[in-house]
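Worksheet: one structure, shown below.
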Amino acid sequence: MKQSSIFARQLLKWFDVHGRKNLPWQQDRSAYRVWLSEVMLQQTQVATVIPYFERFVKHFPTVWDLASATTDEVMRHWAGLGYYARARNLHACARQVCQQYVGEFPDSVELLQQLPGIGRSTAGAIVAQAFHRRAVILDGNVKRVLARYRAISGWPGKVAVQRSLWALADSFTPTERVADYTQAIMDLGATVCRRSRPLCDQCPLRTDCYAAARGVVEHFPEKKQRSSLPVRETCVLMCYQAEKPQHIMLEKRPPTGIWGGLWSLPQCEPVQVPEDVIASKYGYQVRAIEEAEPVMHSFTHFHMRIRPLRIQLSGAASTVAESSVSWCNAVKANAYGMPSPIQALVSQFFETLD
DNA sequence: AAGCCGGGGCC
DNA sequence: GGCCCAGGCTT
């Protein structure tokens, strides 16, 4: 038997036992309901979509109801789902279907794809699930299943990788039970062939899966390669008082996040006004600010451009009491656990003292 | 080809 | 707090 038919056969056998068959849009199937669910499910998880779908079909039972609604009314029912261009396209699509097709969705991928908000994969899903005609889908779940099954390397956003995945998807799509098949491969991707912690011991395709055979399932699909890491900018405040210039203000960072629990210099966003930050957060007035040369520091996922501001304070702290603040001098500096770039800046600060 | 849209789940 | 998600559209 051909490999391509083994794939569908094993998948459908699994679907008959473990597949999802009680989703709202699987009941009372019509092109309208399938289309609506597919658009809502673009980049949105099933559990999030369900209540929106039910409210939507209650208020707009047919494509005619949706087409004749106002934009505000449609947007109101979409509010909270995100990607609001989907709602605008949905409304435009409903109107076009009523005007151009007398309220009947066309049953071919080519015609469906010409409608707003319907791309290749959504068109395929509608054809397979609403019209029970053979059509190919390739959404995030299918991409993951296929990339692992055949160990397809490269990031799926690349055109060459997309072409390979579409070709694979096409070759595995059967001519019988296409509605169940498309649901099955999505269910497998969502529940077994998950992005993280896949349940390979429950997978019906395991014996023929290249990635599983090599023990590298979680290496697929590959992530987008970051050619240049993003650069974030922050200002560090090197605060000292004229009366005791040998001390610098340190602040203990929150226990979680970047540099969690370490001592560091107070920070602010480049868009903030340091004078305001110091007054409101630490209760000091500023006498003078001098900006030093920026320092670069690299993390795994981004670069940080640190702009040191040497700030002379005037007067004592007013009402604001910061328990997480400490005044550090050159002798005590070693006793503070500081991130290396901050450590370097603090040492540099003490070296430049008279 | 790459950026954008967005709220929510998950780690 | 980052990454990803039943993608499609724009530049």
Side-chain angles (χ1 to χ4, degrees), chain A residues 15 19-20 23-26 33-53 75 77-93 109 112-130 135-147 154-163 165-166 169 179-198 218 220-230 232 234 253-260 299-304:
Chain A
F15 174 79
R20 293 182 285 195
L23 296 169
W25 44 91
Q26 294 177 309
R33 290 166 63 91
V34 170
W35 161 72
L36 178 60
S37 70
E38 287 300 328
V39 173
M40 286 185 165
L41 286 162
Q42 290 168 5
Q43 298 291 293
T44 309
Q45 298 189 345
V46 169
T48 307
V49 165
I50 288 175
Y52 280 89
F53 178 84
M75 298 308 290
H77 285 85
W78 195 274
L81 257 189
Y83 280 94
Y84 296 97
R86 289 187 298 172
R88 290 189 290 275
N89 285 332
L90 189 84
H91 196 206
C93 183
V109 168
L112 284 167
Q113 226 181 315
Q114 292 172 24
L115 294 167
I118 301 181
R120 186 173 172 185
S121 187
T122 300
I126 296 171
V127 168
Q129 303 208 4
V136 183
I137 63 162
L138 188 66
D139 60 22
N141 286 316
V142 181
K143 284 177 189 167
R144 186 168 54 254
V145 170
L146 296 179
W155 175 56
K158 288 287 185 186
V159 173
V161 180
Q162 283 187 43
R163 201 165 48 232
L165 291 173
W166 273 107
D180 285 347
Y181 171 83
T182 57
Q183 188 63 49
I185 194 166
M186 288 189 289
D187 285 354
L188 188 80
T191 63
V192 173
C193 196
R194 307 184 294 197
R195 179 166 61 89
S196 55
R197 297 180 296 108
E218 293 202 67
F220 297 96
E222 283 182 17
K223 292 171 188 166
K224 185 184 194 306
Q225 74 294 5
R226 298 220 171 263
S227 50
S228 62
L229 295 173
R232 297 183 200 170
T234 188
R253 294 187 59 82
T256 58
I258 298 291
W259 298 337
F299 293 89
T300 320
H301 293 96
F302 62 95
H303 299 297
M304 189 185 269

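Predicted, not measured: the structure shown is a model, and the values here were computed from it.
- Heavy atoms of A/Leu138 sit nowhere under 4.0 angstrom from any nucleic acid atom.
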Throw together a table of side-chain donor-acceptor distances under 3.5 angstrom for residues 184-195 of chain A, partners on residues two or more places apart or in other chains.
from, atom 1, to, atom 2, distance (Å)
A/Asp187, OD1, A/Arg20, NE, 2.9
A/Asp187, OD1, A/Arg20, NH2, 3.1
A/Asp187, OD1, A/Gln183, NE2, 2.9
A/Asp187, OD2, A/Arg20, N, 2.7
A/Thr191, OG1, A/Asp187, O, 2.8
A/Arg194, NE, A/Arg197, O, 3.2
A/Arg194, NH2, A/Arg197, O, 2.8

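- Only the P atoms considered, B/dG6 is 15 Å distant from C/dT11, to the nearest whole Å.
- Nearest nucleotide to the A/Asp139 side chain, out of C/dG7, B/dC11, B/dG8: C/dG7.
- The phosphate of C/dG7 (OP1 or OP2) has a side-chain N or O of A/Gln43 nearer than 4.0 angstrom.
- Each of A/Ala160 and A/Arg88 lies near DNA chain B, and the nucleotide nearest A/Ala160 is the one positioned closer to the 5' end.
- For residues 43-53 of chain A, the side chain to side chain donor-acceptor pair (under 3.5 Å) pairs, not counting sequence neighbours, are A/Thr44-A/Arg86.
- Evaluation of the salt bridge (charged side-chain N to carboxylate O under 4.0 Å, His left out) test over residues 37-50 of chain A, restricted to residues two or more places apart or in two chains, returns none.
- Not counting sequence neighbours, the partners of A/Pro24 by the side chain to side chain contact (heavy atoms under 4.5 Å, CB included) test are A/Ile50, A/Phe53, A/Glu54.
- Between A/Ala125 and A/Val34, the shortest heavy-atom contact is O-CG1, 4.3 Å.
- The ring-ring contact (aromatic ring centres under 6.0 Å, His included) search around A/His77 returns A/His59, A/Phe60, not counting sequence neighbours.
- Residue A/Glu218 contributes atom CD, which lies 17 Å from atom P of C/dC3 at whole-angstrom precision.
- Heavy atoms of A/Ile137 sit nowhere under 4.0 angstrom from any nucleic acid atom.
- The stretch residues 120-129 of chain A touches DNA chain C through A/Arg120, A/Ser121, A/Thr122, each having a heavy atom within less than 4.0 Å of the strand.
- Among the heavy atoms of the strands, none lies under 4.0 Å from A/Trp78.
- A donor-acceptor pair is defined here as one N or O able to donate and one able to accept, closer than 3.5 Å; no such pair exists between the side chain of A/Gln113 and the backbone of A/Ile118.
- Among the nucleotides B/dG6, B/dG9, B/dC10, the one closest to the side chain of A/Arg197 is B/dC10.
- Rounded to whole Å, atom P of B/dG3 lies 8 Å from atom CH2 of A/Trp155.
- For residues 119-128 of chain A, the side chain to side chain donor-acceptor pair (under 3.5 Å) pairs, not counting sequence neighbours, are A/Gln42-A/Thr122.
- Of the residues near DNA chain B, A/Arg195 and A/Tyr83, the one whose nearest nucleotide (by heavy atom distance) lies more toward the 5' end is A/Tyr83.
- Distance, A/Lys223 NZ to B/dC11 P: 14 Å, rounded to whole Å.
- Look at A/Arg144 and you'll find a side-chain N or O under 4.0 angstrom from OP1 or OP2 of C/dC5.
- Rounded to an integer number of Å, the gap from A/Arg86 CZ to B/dC4 P is 19 Å.
- Computed from coordinates, the A/His77 NE2 to B/dG7 C1' distance equals 19 Å when rounded to whole Å.
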Write out a two-atom table: protein N or O, nucleotide N or O from nucleotides 9-11 of chain C, distance below 3.5 Å.
from, atom 1, to, atom 2, distance (Å)
C/dC9, OP1, A/Gly117, N, 2.7

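- In this structure, NZ of A/Lys224 is placed 7 Å from C1' of B/dA2, rounded to the nearest angstrom.
- When rounded to the nearest whole Å, the span between CZ of A/Arg194 and P of C/dC5 equals 14 Å.
- In terms of the side-chain hydrogen bond (donor to acceptor under 3.5 Å, both in side chains) criterion, residue partners of A/Thr182 (sequence neighbours excluded) are, by chain and number, A/Gln129.
- Counting all heavy atoms, side chain and backbone alike, A/Leu165 lies closest to A/Pro156 at CD1-CB, 4.1 Å.
- Rounded to a whole Å, the CD atom of A/Gln42 is 12 Å from the C1' atom of C/dC5.
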